[in-house]
Each structure stands twice: as C-alpha cells, then as structure tokens.
Amino acid sequence: MAIGVNSLAFIAVAQVLALARVVMVLVWCIRFMGGLAWEATDKSLIFNIHPVLMLIGLVIIGGEAIMTYKALPLKKELKKVIHMVLHAIALVLGIIGIYAAFKFHNESSIANLYSLHAWVGIGIIALYGIQWIYGFLIFLFPGGSSAVRSETVPWHIFLGLIIFSLAVGNAAIGFLEKLTFLESASLAKFGAEAYLVNFTAIVTVLYGVFVVFSVLSQPVVVVNFTAINDEYYGMGLFIILFPYRTKARLQDLMTNSALRTTLEEWEKDDLLHKLISIKPVMSNNAESIPTF
C-alpha cells in the first residue's frame, strides 16, 4: 500500500518533530530533573540518561535510518550502508540507555523488570538486535541470494516498522510511568514539568506516525538526463509541488528522443506517479544550471 503523497512532505515534518523532541527531552532532564551523570550521589541523575538515549537512539536515529531509503537521493548500496550504520548506532545507544536504567535501579535498591514498560523494552531491544543482524547478513555481508533478498524485503520492512512502532509506543508508556511516579511524589499535575512530559510524549508519537507515513508514501526518484534543454529548468521544483501533473507537463515539453524514451519507460514501469525530483545533466550547448 502506498499513500499518494510524496515522501518529502512527511520527512520534512518528521525532521522538525525530531528536533523538537530532542530539545524537549533535554530541557526536561537537565532543567527540571537536575542533569545527567553516570556516577553521582543523586542517583536520579543516572536515570536521566535512560530517556535521553532511548529517545535519541531507538526512536530518532532509528526513525532516520528507516527514512534514509526515501530521503537520500543516493545509490542503493550507499543508502543500504547508511541505513545499517544508523541502526547500529541506535542499537548501541538503546543498550546503553537500558543499562543506565538497570544501574539506577541497582544503586537505588529498586527491583528490576517489574513494569510493562521494562518488559516491552527488553523485548524491543532483543528484536531490534535480531533484525539488525539478519539485515546485515542477508542484505549487506555476506548477502543472500537475489531470490532470498526479494522474498525477505517485504517482511524486513514490515517487521522493522512493527519494532519501530513498539519503540515509539513504549517510549510514550515510559513517559507516563515516570510522570505518574513524579506526581505521586508531589509534582503538580498541571505544572510546567507535567505539561512538558506529556507534550514530549505526544511529539514522540507524532514523529513515529510521520516516519511510518514516509515509508508508505511515494519515494524520491532522482533521474539523470544525458540530454536536456533550457525548457526543463525548474522542473525539479514543479514535480515536487505537483507530482500528479508531471506526466502532462513532460509531454508538453518533450522535444528530445532520449526524454521520450525515458517517459515511455516510466509509463511501462508505472513510475511517473512516483517521480518527485529531477537532477538534470546539461548538454554541451546548454547553460550550466544547479541540480535539484
């Protein structure tokens, strides 16, 4: 299933939400919760590492890794490496974040793994690791056969979105759990900190929604034309804004056999409705223009 909107719109909103979430969680943990520390007499400072790393790692960087295939106009193999590296960073930060929670509990004489948030969190990090290892072995090195890869890709994408969605949902549960503890210890239910925590959870969920939408939306397709004339200047912006009017516009401007062949190939492969941006390569007799 694909949403009939280009992915750039969802990706752009997701970047804004990601930045907002980083600022919000840092303001909460540093301004309201006292800061971050790996070793401290105030053990709550150790705990503060947990929400920061889990949010930046599994949710934000994990989400960015998912969007790389739609956001970056690069060769597939390079996007694959970036995808795997970002997921590896997210996994490492997630493991450190979980360890920080265990460290806080152990040094504060608090039982471990007593809540739904903790149970789901352990399951998510385990699934995340399994998904990464499988993806590395099948899609990167040593790599499976083309038949195995083609059969696996839909499941890899589906399970990846499920794991990411679980991480987003569990982050929201974590905010709720921590806020409940704070309010039971006299934090004002309608105070600034309570509002900040709730809105951070809402922004987290919205970020997850836009990441998923970016996957289900039309991809960014970058096409290099070996011959193009001045009439195509500005077509990249036109296609980003009006992807469904692209076909008629291209047909109106069609003057080159190479472009006609490309259009026919798009029609055959049903790619026209997915086209969003064009990176033209100018012919020798045309003026040089910036690529889109």
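Values below: all heavy atoms of this structure, side chains included; hydrogens, waters and symmetry mates excluded. The structure displayed is predicted, hence computed values, not measured ones.
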How long is the straight-line distance from [atom2] of [Y] back to [atom1] of [X], given to the nearest 0.5 Å?
X	Y	atom1	atom2	answer
Ile163	Gln131	CD1	CD	4.5 Å
Ile56	Met54	CD1	CE	11.5 Å
Tyr128	Ile130	OH	CD1	13.5 Å
Ile173	Thr180	CD1	OG1	11.5 Å
Ile66	Leu161	CD1	CG	5.5 Å
Leu196	Arg31	CG	CZ	10.5 Å

Nearest heavy atoms of [X] and [Y], plus distance in Å:
X	Y	value
Ala171	Leu55	CB-CD1, 4.2 Å
His87	Gly62	CE1-O, 3.6 Å
His50	Gly97	ND1-O, 2.8 Å
Lys76	Tyr69	O-CE2, 4.5 Å
Leu45	Ala40	CD1-CB, 4.2 Å
Leu36	Cys29	CD2-CB, 4.0 Å

### Task
Could you give me the CA-CA distance, side-chain angles and deciding distance for Tyr207 and Val168, then say whether side-chain contact (heavy atoms from CB on, under 4.5 Å) is met?
CA-CA 9 Å; Tyr207 174 78; Val168 170; 5.5 Å; no
With a 4.5 Å cut-off on side-chain heavy-atom distances among I, L, V, M, F, W and Y, is there a chain of contacts connecting [X] to [Y]?
X	Y	value
Phe47	Ile96	no
Val153	Val212	yes
Phe32	Ile202	yes
Phe104	Val25	no
Ile60	Ile30	yes

Any donor and acceptor pair, going by atom type alone, linking the side chain of [X] with main-chain N or O of [Y] inside 3.5 Å?
X	Y	result
Lys70	Ser214	yes
Asn48	Gly35	yes
Ser150	Ala147	yes

[X] versus [Y]: any side-chain heavy-atom pair under 4.5 Å?
X	Y	answer
Trp28	Val197	yes
Glu64	Val211	no
Leu78	Leu72	no
Asn198	Phe175	no
Leu58	Leu93	no
Lys178	Pro51	no
Met33	Leu182	yes
Leu91	Ile125	yes

Please say whether more than 12 non-hydrogen atoms of neighbouring residues, nucleotides or ligands are located less than 6.0 Å from [atom1] in [X].
X	atom1	value
Phe141	CZ	no
Phe139	CZ	yes
Trp155	CH2	no
Phe102	CZ	yes
Arg149	CZ	yes

### Task
Taking the six-membered ring for Trp and the full ring for Phe, Tyr or His, determine whether the centres of Tyr134 and His156 are under 6.0 Å apart.
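So the answer is no for these two rings.
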### Task
Give a yes or no on whether the ring-centroid distance for Phe136 and Trp132 is below 6.0 angstrom.
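That pair passes the under 6.0 Å test.
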### Query
Given Val148 and Thr152, is the side-chain contact (heavy atoms from CB on, under 4.5 Å) satisfied, shown in steps?
CA-CA 6 Å; Val148 171; Thr152 300; 3.8 Å; yes
### Message
Tell me whether the rings of Phe10 and Phe210 are parallel (<30°), tilted (30 to 60°) or perpendicular (>60°).
### Response
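Judged by the thresholds at 30° and 60°, the geometry between Phe10 and Phe210 is tilted.
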### Query
For Thr68, which of Ile11, Val81, Ile82 qualifies under side chain to side chain contact (heavy atoms under 4.5 Å, CB included)?
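When Ile11, Val81, Ile82 are each tested with Thr68, the side chain to side chain contact (heavy atoms under 4.5 Å, CB included) holds only for Ile82.
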